[in-house]
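Quick caveat: nothing in here was measured; it's all calculated off a predicted structure.
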Amino acid sequence: MANKSNRIFLLEEAKVSSALLKLGIPTMVGMLISALYNAIDAYFVGGLGMSQMGAVSVVFPIVQIIIGLGMMFGAGASSYVSRLLGMGDNEQANKTASTSLFSGLLVGAIIIIGIMVFLDPVLTSLGSTETILPYARAYAKIYVTGSIVNIFTVMMNNLLTAQGAAKFTMIAMLTGSIVNIILDPVMIYGLDLGIEGAAIATVISLCINMALYIGYIAKKKGVLSFSVKNIAPSKTIYAEVLKIGIPVLMFQILASAAMGSINTAAKPYGDYAVAAMGAVTRIMTVVIYVVFGFLKGFQPFAGYNYGAKKFDRLKKSIKLCMVWTTVFCIIAAIVLIIFANPIVSLFGTDMEMVGLAEKALRLNAVLFVTFGFQMVYASLYLAIGKSLIGSILSLSRQGIFFFPLIFVLPYLFDLTGVVWVQPTADLLATVLTVIFAVKINRALSAEISKDK
C-alpha cells in the first residue's frame, strides 16, 4: 500500500523536476538499452557479411510494426489509465489495463500469423534483394514468430509506467537486454548458428523480460490489478484506448514503412546501399529511443495532472522536458557528426557502405537537434487525450512529410536524394510543431489564469 501511495504522490505532489527524473530516467535507460541491443545485434550480424547485415535491416521494419501493435494498446491504455488515476477511478483503470492486455495479445497473434503466411512477398517489398532474401527469411521465421512475447512486454512496459512503476520497467528491460547482448556472440559464432542465432538470442531475452513482468503481476505490487475478471470489453474503453493508440500504431507503421521505403529506394544501388541506410537507421534509433524513453515517463505525469486539473504543474513539466530533451539532442548531434566514421565502421568495413552511411548519418544528426521539441508536444497532445493533433505531430516526420519526399527526392537526385529524405522531413515537421506548441501553451496559460 505504501508503494501505491508513493507512486501517486510522485505524479500528484512531488517536485516537478524530481518526478520527471524519477519517471523518465528509468524508462529512458530501458529504451536506450533496448535500442543498443538492436544496434549490437546488427554489429554481430555485420560480421557475417553484407547480405546478412542487409537482412537484419529488412526485417527490422516488420518487428517495429509488431511492437506498434503492443504500443497501440499499451500506450493508448497508459494515457487513459493515467487520467483515470488522476480522477480517482481505480476500478475503471483496472478494467482498462486488463482488457487492453488481452486485446493486444489476441490482435498481435492474428497479425503475426498473417505476416508469416506472406513472409517472402513482405520481405521483398521491404527491400530484400535475391542475395539478402534467404538470410532475411531465416532471421524473420524465428524473430517475427517470437514477437508475440514482444507485444506483451511492450504493453506491460507502458501500463506499469502509467502507474509510476518506471523503475521496475527499467530493470526488466535492462535484464532482457543484457541477456541478449551476452547470447548474441554465443549463438551466432560460438554455436555457429549464424543469423538464426541472433534471432534465437533475441527471443530468449524477450521471454526473460516477460517472466519478470508476470512475476510483478503475480505479486500484485502495483496500483493496477491485472486479472481475467477485470477483462471487460466496452465501447468506452476501446474508444479511449484506440483514439490514442491508433495514432501511436500509425506512427510505428509509418516509421516501418519509411525504413522499408528507404531500403527499397536504396535497393537499385546494391546491397551496400541497403546495408548503409540500415546501419544509419539503427544508429539514429539509439538516440531517438533516449528521447522516446524519457517522454514515456513524462506522458503519465502529463495525463495525470491534466486529469487532476493541475495545469500549472503540467506547464512546468513541459518547459523542463523541452530544455532537457533539446540539450540532449544537441549533444547527441555533435557526437554523431564528429565521430560519424568510427561509428558507422562498427557495422561493416566495405568502403562504399561506410562512405554512404557516414554522409547519411551526419545529415540526419544535423536536424536531430529539433527532435526533442517535436516529440515533447506530440507526446503532450496524446497524453491529454487530444488525439487528432497528437496524431498529426506524431505522424509528420515519418509520414505526412516523409512519403511525398521519398518519391520526389530520389527521382530528382538519385542516391543523394535518398540520403536527404529524412533530414528534410524533420525540418518540415519542426515548423508544423511550432504552430501547435504555441496553441497549447496559450490554452494552458488561460486555464492557469482562471484558477488565480
Side-chain angles (χ1 to χ4, degrees), residues 5-32 75 78-88 157-167 169-170 223 244 248 288-330 370-387 389-390 393-394 433-434 436-452:
S5 299
N6 289 339
R7 292 188 183 105
I8 297 302
F9 173 80
L10 190 66
L11 294 168
E12 189 172 21
E13 297 181 40
K15 186 179 177 182
V16 174
S17 57
S18 297
L20 289 174
L21 289 173
K22 287 179 180 178
L23 290 167
I25 287 179
T27 53
M28 179 184 74
V29 171
M31 290 198 73
L32 173 60
S78 175
S79 173
Y80 187 36
V81 164
S82 296
R83 284 177 278 131
L84 288 169
L85 292 175
M87 293 183 284
N157 183 287
N158 279 273
L159 290 167
L160 296 192
T161 300
Q163 57 176 307
K167 185 177 179 180
T169 64
M170 178 190 73
V223 177
I244 302 301
V248 173
I288 284 170
Y289 270 30
V290 172
V291 178
F292 274 155
F294 182 76
L295 292 177
K296 277 184 67 180
F298 163 68
Q299 280 189 303
F301 183 92
Y304 186 97
N305 284 282
Y306 185 81
K309 299 188 182 301
K310 293 178 179 276
F311 299 113
D312 187 47
R313 189 171 169 81
L314 175 58
K315 194 166 185 182
K316 286 179 184 176
S317 71
I318 297 168
K319 289 180 181 177
L320 282 173
C321 286
M322 273 289 302
V323 172
W324 292 344
T325 57
T326 301
V327 168
F328 168 78
C329 289
I330 291 171
T370 68
F371 184 76
F373 168 68
Q374 293 176 47
M375 289 300 105
V376 165
Y377 284 98
S379 299
L380 173 64
Y381 273 103
L382 291 174
I384 64 177
K386 295 185 181 296
S387 58
I389 297 176
L393 295 180
S394 295
T433 304
V434 169
F436 289 111
V438 171
K439 181 178 179 180
I440 190 65
N441 279 306
R442 284 177 177 170
L444 290 174
S445 295
E447 292 290 347
I448 292 168
S449 298
K450 288 180 185 177
D451 295 335
K452 291 181 178 179

Q. What's the spacing between Thr433 OG1 and Phe373 CZ if we round to 0.5 Å?
A. 5.5 Å

Q.
Looking at every heavy atom in both Gly372 and Cys329, which two are closest together, and how far apart are they?
A. N-SG, 3.5 Å

Q. Is the Phe328 to Phe371 ring centre distance short of 6.0 Å?
A. no

Q | Leu314 and Leu380, any side-chain heavy atoms less than 4.5 Å apart | A | yes

Q.
As a quick check of understanding, evaluate side-chain contact (heavy atoms from CB on, under 4.5 Å) for Tyr381 and Lys439, giving each step before the final call.
A. CA-CA 11 Å; Tyr381 273 103; Lys439 181 178 179 180; 4.1 Å; yes

Q.
Tyr377: which residues meet the side-chain hydrogen bond (donor to acceptor under 3.5 Å, both in side chains) condition with it, sequence neighbours left out?
A. Asn441

Q. Could you give the distance from OG (Ser379) to CZ (Phe294), rounded to the nearest 0.5 Å?
A. 10.5 Å

Q) Who passes salt bridge (Lys or Arg N to Asp or Glu O under 4.0 Å) against Lys316, sequence neighbours left out? A) Asp312

